[in-house]
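Okay, structure first, notes after.
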Amino acid sequence: MISSRQLEYVRAVALELNFTRAAAVLRIAQPALSQQIRKMERQLGVTLFERDKHRVELTAAGAMLLESAERILSDLAAVEEEMRGWADGTRGRIRLGSARGLTVRLARVLTEFSGVHPGVEVELREMTSEEMVAGLHAGRLDAATAAVSERLDDPRLVFRPLGEEPLVLIAAASGPWSRQDRVPVAALDGVDLVAYPPGSVVRDIVLAALDAAGARPRFRFETRDTATARALAGLGVAVAVIPRSVALEPGQPVHVMDLDPEPTWTPALAWSALRRPGPALSAFIAFVTGHPELKQAHDGRGGSGTRSRSGDTCDD
């Protein structure tokens with residue numbers, strides 16, 4: 001029977017693609033690691049890694065085993081943390097993926113959560129929704145604040161919506177856009193617009209709104225960083241579409257406009273439906289889904305405002 005230690009060996013070599021570096025991570029001798037991998041290959045009757053003097057590559061069989069190994073090792077770690085949680089109260093570590101348009105509000109909630117549950121450590125990672133879903137399936141994440149979409153509808157995951165929020169248009173605080181409070185989506189035809197990378201649900205929502213309006217903007221810039229999007233918009237070289245709560249955070253002044261029709265995004269807390277949450281994750285789910293900072297719909301208006309923020313990312 002395959003042991004958890006063997007799975008750790010496979011995962012380390014697969015991540016490093018180098019036996020010497022993997023052995024250092026595992027704190028064992030490189031010859032011993034190579035011997036263990038060869039032993040496992042004989043045991044399974046398959047080649048897990050193609051290797052020569054210059055390279056190490058994962059085979060198709062190795063890739064399949066790696067996917068299972070990550071899930072199994074994650075489950076074992078979750079069981080251990082759950083037992084410690086039951087023994088010592090609400091304790092443990094939560095690996096949380098975050099939609100970038102939700103980061104500022106989420107940071108405030110995490111600060112409150114840490115005060116209520118000081119024994120729970122939250123490791124926050126900013127990702128696109130596709131990256132978060134993959135992380136949840138592989139066991140690399142315990143929970144995620146992904147955006148809800150038909151593309152991400154998955155019975156293996158539980159989603160709890162955290163309110164619906166408008167997407168707004170931002171531009172330079174002074175200039176041709178500064179006299180407008182509400183802009184038809186169709187008016188973005190031919191306009192320089194900041195784009196977000198594939199895997200972002202906000203990107204999908206924006207593209208769908210543009211397509212429905214028959215608008216074909218010029219995507220000369222692509223970024224996952226709202227600091228970059230804000231800088232481009234603030235300088236007047238492009239406009240950008242971002243969540244309203246992001247646009248109204250303090251930061252570099254930009255002009256904020258409502259779009260017509262108004263696109264919206266729905267962030268949600270997601271976790272695996274195939275694994276029972278332990279005490280730490282259960283406490284986190286209850287705290288986040290019931291918190292007014294995230295649960296409320298952010299539908300306030302302020303089209304002519306110039307408040308904004310910088311330094312965060314807004315794709316999800």
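Nothing here was measured: the structure is a model prediction, and the numbers come from that model. What's counted below: heavy atoms across the whole structure, side chains too, no hydrogens, waters or symmetry copies.
Side-chain atoms of His137 and Leu157, non-hydrogen and from C-beta on, do get closer than 4.5 Å to each other. In this structure the side chain of Leu106 reaches within 4.5 angstrom of the side chain of Leu124, judged on heavy atoms. Contact check for Gln36 versus Ile28: no side-chain heavy atoms found under the 4.5 Å cut-off. Residues Ile2 and Gln43 meet the side-chain proximity criterion, which asks for heavy atoms closer than 4.5 Å. A heavy-atom distance below 4.5 Å is not found between the side chains of Phe284 and Val120. Within the 4.5 Å cutoff, the side chain of Trp265 has no heavy atoms near those of the Asp204 side chain. Contact check for Glu222 versus Pro198: side-chain heavy atoms found under the 4.5 Å cut-off.
Note: Leu17 CG to Glu57 CD = 8.0 Å, rounded to the nearest 0.5 Å. Note that CG of Leu33 is 15.0 Å distant from CZ of Arg27, once rounded to the nearest 0.5 Å. To the nearest 0.5 Å, the span separating CD1 on Ile285 from CD1 on Ile94 amounts to 8.0 Å. Note that OG of Ser272 is 11.0 Å distant from CG of Leu141, once rounded to the nearest 0.5 Å.
A distance-only check finds a donor-acceptor pair linking the side chain of Thr111 to the backbone of Ala107 [under 3.5 Å]. With hydrogens and angles ignored, the 3.5 Å screen pairs a side-chain donor or acceptor of Thr59 with a backbone N or O of Leu48. Between the Ser34 side chain and the Pro31 main chain, no donor and acceptor come within less than 3.5 Å of each other. For Tyr196 (side chain) and Val241 (main-chain N/O), a donor-acceptor pair under 3.5 Å exists by modelled atom type. Counting only distance, with no hydrogens or angles, the side chain of His255 and the backbone of Gln180 share a donor-acceptor pair below 3.5 Å. Looking at Arg218, its side chain does come within 3.5 Å of a backbone N or O of Gly190 through a donor-acceptor pair. Looking only at distances, a side-chain donor or acceptor of Arg95 sits under 3.5 Å from a matching main-chain atom of Gly139.
Checked for salt-bridge contact, Glu8 and Arg5 meet the test: a charged N lies under 4.0 Å from a carboxylate O.
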Are Glu70 and Ser74 close enough, and set up right, to give a side chain to side chain donor-acceptor pair (under 3.5 Å), and what steps lead you there?
CA-CA 6 Å; Glu70 288 185 323; Ser74 175; over 6 Å; no
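For the salt bridge (Lys or Arg N to Asp or Glu O under 4.0 Å) test, no residue two or more places apart in sequence or in another chain qualifies with Asp189.
Here salt bridge (Lys or Arg N to Asp or Glu O under 4.0 Å) pairs that include residues 28-48, with residues two or more places apart or in two chains, are Glu41-Arg51.
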